[in-house]
Amino acid sequence: MNLHGIVAVSGKPGLWKALAQNKTGFILESLDAQKTKLVANLSTAKLAALDEITIFSYDEDILLKDVFERMKAAANVPDAKADGNKLRQFFREVAPDHDEEKVYASDMKKIVSWYAILKDMPLFSEEPPAVAEEAAPVAPEPVVEPEPVAEPVKAKPAAKKAKAEATVTEEKPKAPKKKKAE
C-alpha cells in the first residue's frame, strides 16, 4: 500500500495528492472524480500525510496503513454514515487494541470514508517506493588527493607589500576636532 504523497487538509473534505511545493505551500489535487486543484497555504491550512497518521492505542500507536490492510482483509466494511456503535464494533475487529476513550466516532467515520476513497485506486494495491537506505550498499570510491605543487615566490610584490605595511604603521591617527564654544 503506497500512501506516500496523500494528505488530508483540515477544513476540506476528502483526500488530496500532493503534486508540487511552492514557497507558500503545496499544490494539491483531489482524489475524487472532479480532480480539483488547490493551493494549500502552510500558514493557514494544516496538512496530515496519511503515511504518518497513527491511531491511539493502549500500548503502541497503530499506523493507519496497518488499519487499512486489515480493512482490506475484512469481509464487510460499514458505510461511513453508519452509527457510532456499528463503527466501534468494526474497529474492535480491525484495530483491536485501539484506545476507545481517545478514538472518537468522528475519527472512525473519517478513516472509513478515506478507505472508501482509496480502495479502488491503483496506488492502494502497489508497494511503497523503496527507501534509499534499503538499497544495496555501494562501496565508496577512494578519494585521491592531488599533491600540492610549490609555486615560485616572486620577490617584488612581497617587497611592495612589506613597504605598504610599514607606511600604514607609521601613520598616526588624527585627533578628533574640538567643537567651538559658542
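Basis for what follows: all heavy atoms, side chains included, without hydrogens, waters or symmetry-related copies. Because the structure is predicted, anything quoted here is derived from the model rather than measured.
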Any side-chain heavy atom of [X] within less than 4.5 Å of one from [Y]?
X: Ser113; Y: Met108; result: no
X: Leu118; Y: Tyr115; result: no
X: Thr54; Y: Leu64; result: no
X: Val39; Y: Phe26; result: no
X: Trp16; Y: Asp32; result: no
X: Asp61; Y: Ile55; result: no
X: Leu63; Y: Phe68; result: no
X: His98; Y: Tyr58; result: no

Which heavy atom of [X] sits nearest to which heavy atom of [Y], and what is that distance?
X: Pro78; Y: Leu87; value: CG-CD2, 3.8 Å
X: Leu28; Y: Ala18; value: CD2-CA, 3.6 Å
X: Ala8; Y: Trp114; value: CB-CZ2, 3.6 Å
X: Ala40; Y: Ala45; value: CB-CB, 4.4 Å
X: Ile62; Y: Ala95; value: CD1-CB, 4.0 Å
X: Gly25; Y: Leu42; value: CA-CG, 3.7 Å

Without swapping roles, check the side chain of Thr36 against the backbone of Ser30 for a donor-acceptor pair under 3.5 Å.
->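 Looks like no, no N/O pair under 3.5 Å.
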
How many angstroms lie between [atom1] in [X] and [atom2] in [Y], if you round to the nearest 0.5 Å?
X: Glu60; Y: Asp97; atom1: CD; atom2: CG; answer: 9.5 Å
X: Gln89; Y: Asn85; atom1: CD; atom2: CG; answer: 9.0 Å
X: Ile6; Y: Ile53; atom1: CD1; atom2: CD1; answer: 11.5 Å
X: Lys65; Y: Arg70; atom1: NZ; atom2: CZ; answer: 13.0 Å
X: Phe91; Y: Lys86; atom1: CZ; atom2: NZ; answer: 14.5 Å

Please assess Asn22 against Thr24 for the test side-chain hydrogen bond (donor to acceptor under 3.5 Å, both in side chains), listing each intermediate value before the final yes or no.
-> CA-CA 6 Å; Asn22 59 16; Thr24 60; 3.3 Å; yes

With sequence neighbours excluded, give me every side-chain hydrogen bond (donor to acceptor under 3.5 Å, both in side chains) pair touching residues 74-84.
->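 Found none.
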
Check whether more than 12 heavy atoms from other residues, nucleotides or ligands sit under 6.0 Å from atom NZ of Lys109, and answer yes or no.
->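 Correct, the count exceeds 12.
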
Quick check: are there more than 12 heavy atoms from other residues, nucleotides or ligands sitting under 6.0 Å from CZ of Phe56?
->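 No.
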
Is it true that [X] and [Y] fall in one hydrophobic cluster, defined by side-chain heavy atoms closer than 4.5 Å?
X: Val7; Y: Leu31; answer: no
X: Met121; Y: Leu19; answer: no
X: Val77; Y: Val103; answer: yes
X: Leu47; Y: Leu15; answer: no

Looking at Lys17 and Glu29, does any basic side-chain N land under 4.0 Å from a carboxylate oxygen?
->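 Not counted as a salt bridge, because no side-chain N and carboxylate O are separated by less than 4.0 Å.
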
Hey, are Glu100 and Arg92 close enough for a salt bridge, meaning a charged N less than 4.0 Å from a carboxylate O?
->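 Answer for the salt bridge query: yes.
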
Check: Asp99/Ser57 side-chain N/O donor and acceptor closer than 3.5 Å |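 Absent: no donor and acceptor within the cut-off.
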
